[in-house]
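Chain naming here is simple, since letters A, B, ... match the order of the sequence lines and numbering starts at 1 in each.
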Amino acid sequence: MSSVSRNDQELHRIEELHELRTLGIEPFPASFDRTHHAQHILSTFSDESPDVLASVSVAGRIMAMRKMGKATFCHIQDVTGRIQIYLKKDDLGDVYENFRLFDIGDIIGVEGFVFRTRMGEISLHARTLTLLTKCITPIPVGKEEVAEDGTVVRYDAIADKEQRYRRRYLDLIANPQIKDTFIKRARIISSMRRFFDDRGWLEVETPILQPIYGGATARPFVTHHNALDVELYLRIADELYLKRLIVGGFEGVYEISKNFRNEGMDKTHNPEYTAMEIYVAYKDYIWMMEMTEEMLHSIVTEVCSSVEVEYQGTALSFALPFARARMFDLFDEHTGKNLRGLSREQLLATARELNVGVDSTASAMKILDEIFSVLVQPHLIQPTFVMDYPVEMSPLAKAHRIEKGLVERFELFVMGKEIANAFSELNDPLDQRARLEDQAQIRADGDDEAMVVDEDFLHAIEVGLPPTAGLGVGIDRLVMLLTNNDSIRDVLFFPQMRPEKSASNTAESGE
RNA sequence: GAUCCCGUAGCUCAGCUGGUUAGAGCAUUUGACUUUUAAUCAAAGGGUCCUGGGUUCGAAUCCCAGCGGGAUCACCA
């Protein structure tokens, strides 16, 4: 306590806390019997039969208070919204006297009857009032005004993004509308889970701590296990473990969980992020494309109650079927050049010609990738499957059944961003070994994001992976699209932040 | 990692061409008010102007460094 510096408002609230206890009022009781949520009352009240709500109890945080001597109006906020409470000295007696010790931010329970005020607002006339939690720290609450068209205008609400991300609980109190994003996020995930469960696929859990990381090209987080005295990696993908389960005889497995990548942070990247990966035996990437569009169509319909979604001013349609295009056809269309079968040098010259900046030492794969992301990707606004990638870009995908040099892979793009990635999984063990050894060579040549050879994974493939289709979906980006947010930080409760340097000197340290 | 912008009361922000004692609204405290709603009216308290150096008679203001944040770019999903 002694290390905590408190301002006058906090000191005053602590005094009030002591005074409440002196008066025999427990500021932190164990529970409260609540019968109604705010929104429920507002939507069921009728002026014809107010008696239906003649005795209700609500609980919530005091967000606004208007004292008028012997009567007070305040608004409390629960998970569903706000409702006005009317407190009158005549009805409450001593309790009304004690109400002077209550502040904005306190959590209270109120029992009473519902009525409509002279100004027309449905309100709860209190018969009893119970303090449920005393708030010691003033909360950054803006006043709010409901305009005539029903829109809520907030004044002075918490706006500093650092505060909002670091102290999300304050953000949620002051800006309750952001709850909708997180509620929608939960609904998207449960809708996806239901889609898979309904088809008989099994939700599984595979290791996050891995002795060898794989399944993607990325730098890992490294940690140490004391008992075994070994380095372990936080997974960058769960692909290699899920495929082992298909080898073991499961015919459909999926996992929704965090991956960790030790790379930069920006609007679309957080070091830990949520991915869904699914593998289904005896299927190929064409089947997976159909499954993917059906799944997304089903989620969007369920969560957004429409196949159309507005994102940053653009109307996106998830109506079936989604557009499909082969990667090299898109190059034809958007660059006017045929890039099929070109050597690294020819690609480099073409990139220069197209004014796409690439390093002169870049690999053929990197050059293609760069041309694609600069000249093609921005055009893929409506959901579009891009199919048939060059083999070099996809060391875990099966060689194309017809076109040499390509693999059976697709990615789904929406608003120019990649949302999903899928292959017919490579199950030829000799091909797989050769591809991973290529990766090891690229790695030895200095690209520390290239894949590491996982001998046990190769062993599993040698035992026999049936024909299998696999799909990965970036959940955070999907949520961004469906909640109209343009920063990943707004769809994560607690985005990664640099640790606060001053934290050790301030309030949290002692408790 | 690079560049640009920002950091002033619990919250939102003014002040910044250097010049008395750093301001406003909300919040807080005291008083008035029994249907208010950004309640109103009267008064009061509240500041490490991010931190540390420097320039100057004098720095919230100018300069340097650091810390923290935001935006853009590069790598990645």
When you look at A:Arg324 and A:Phe410, which way does the side-chain contact (heavy atoms from CB on, under 4.5 Å) test go after all the steps? CA-CA 9 Å; A:Arg324 294 182 186 193; A:Phe410 73 79; over 6 Å; no
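Under the rule for a salt bridge (Lys or Arg N to Asp or Glu O under 4.0 Å), A:Arg443 has no partner lying at least two apart in sequence or in another chain. Qualifying salt bridge (Lys or Arg N to Asp or Glu O under 4.0 Å) partners for A:Glu272, counting only residues two or more places apart in sequence or in other chains: A:Lys258. For the ring pair (Phe, Tyr, Trp, His ring centres under 6.0 Å) test, residues two or more places apart in sequence or in another chain that qualify with A:His40 are A:His36. Partners of A:Tyr279 by ring pair (Phe, Tyr, Trp, His ring centres under 6.0 Å), not counting sequence neighbours: none found. Residues satisfying the side-chain hydrogen bond (donor to acceptor under 3.5 Å, both in side chains) criterion with A:Thr130, sequence neighbours excluded, are absent altogether. Checked against salt bridge (Lys or Arg N to Asp or Glu O under 4.0 Å), A:Asp388 has no partners two or more places apart in sequence or in another chain. Residues that satisfy the ring pair (Phe, Tyr, Trp, His ring centres under 6.0 Å) test with A:Phe73, not counting sequence neighbours, are A:Tyr86.
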How would you summarise protein contacts on nucleotides 2-13 of chain B per nucleotide, using B for base, S for sugar-phosphate only and - for none, with heavy-atom distances below 4.0 Å? --------BSS-
Strictly under 4.0 angstrom, non-hydrogen atoms only: write out the protein contact profile of nucleotides 71-77 of chain B, one letter per nucleotide from the 5' end, B, S or -. SS-BBBB
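When both distances must be under 3.5 Å, the Watson-Crick or G-U wobble mate of B:rA65 is B:rU51. Applying the Watson-Crick and G-U wobble criteria (two distances, each under 3.5 Å), B:rA77 pairs with nothing in any strand. Base pairing of B:rU72: its partner is B:rA2, meeting the Watson-Crick or G-U wobble criterion (both donor-acceptor distances under 3.5 Å). Partner assigned to B:rU35 is none, using Watson-Crick or G-U wobble distances below 3.5 angstrom. Nucleotide B:rA22: unpaired (no Watson-Crick or G-U wobble partner with both distances less than 3.5 Å).
One can place CD of A:Gln84 at 10 Å from P of B:rA39, the figure rounded to the nearest angstrom. Here the C1' atom of nucleotide B:rG45 and the NE2 atom of A:His12 are 12 Å apart, to the nearest Å. One atom, CD1 of A:Ile136, and another, C1' of B:rU28, lie 14 Å apart when rounded to the nearest Å.
Each of A:Leu492, A:Asp490, A:Asn485 was scored for a side chain to side chain contact (heavy atoms under 4.5 Å, CB included) with A:Thr181, with one residue passing: A:Asn485.
Mapped onto RNA chain B by nearest heavy atom, A:His75 and A:Asp90 fall at different nucleotides, with A:Asp90 at the one closer to the 5' end.
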Quick one: side chains of residues 365-376 of chain A, donor-acceptor pairs under 3.5 Å with protein atoms, not counting sequence neighbours, listed by atom name and distance.
unit_1, atom_1, unit_2, atom_2, d
A:Ser373, OG, A:Asp369, O, 3.1
A:Ser373, OG, A:Glu370, O, 3.2

Enumerate, atom names and distances included, each donor-acceptor pair closer than 3.5 Å involving a side-chain atom of residues 121-128 of chain A, sequence neighbours excluded.
unit_1, atom_1, unit_2, atom_2, d
A:Glu121, OE2, A:His75, NE2, 2.8
A:Ser123, OG, A:Gln84, NE2, 3.0
A:Ser123, OG, A:Glu121, O, 2.9
A:His125, NE2, A:Asp91, OD2, 2.4
A:Arg127, NE, A:Glu111, OE1, 3.4
A:Arg127, NH2, A:Ala54, O, 2.7
A:Arg127, NH2, A:Glu111, OE2, 3.1

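The P atoms of B:rG19 and B:rA42 are separated by 32 Å, rounded to the nearest whole Å.
Out of B:rA38, B:rU36, B:rG69, the shortest distance to the side chain of A:Arg66 is found at B:rU36.
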For nucleotides 31-33 of chain B, give me every protein contact, N/O to N/O, under 3.5 Å, one pair per line with atom names.
unit_1, atom_1, unit_2, atom_2, d
B:rC33, N3, A:Gly69, N, 3.2
B:rC33, N4, A:Gly69, N, 3.2

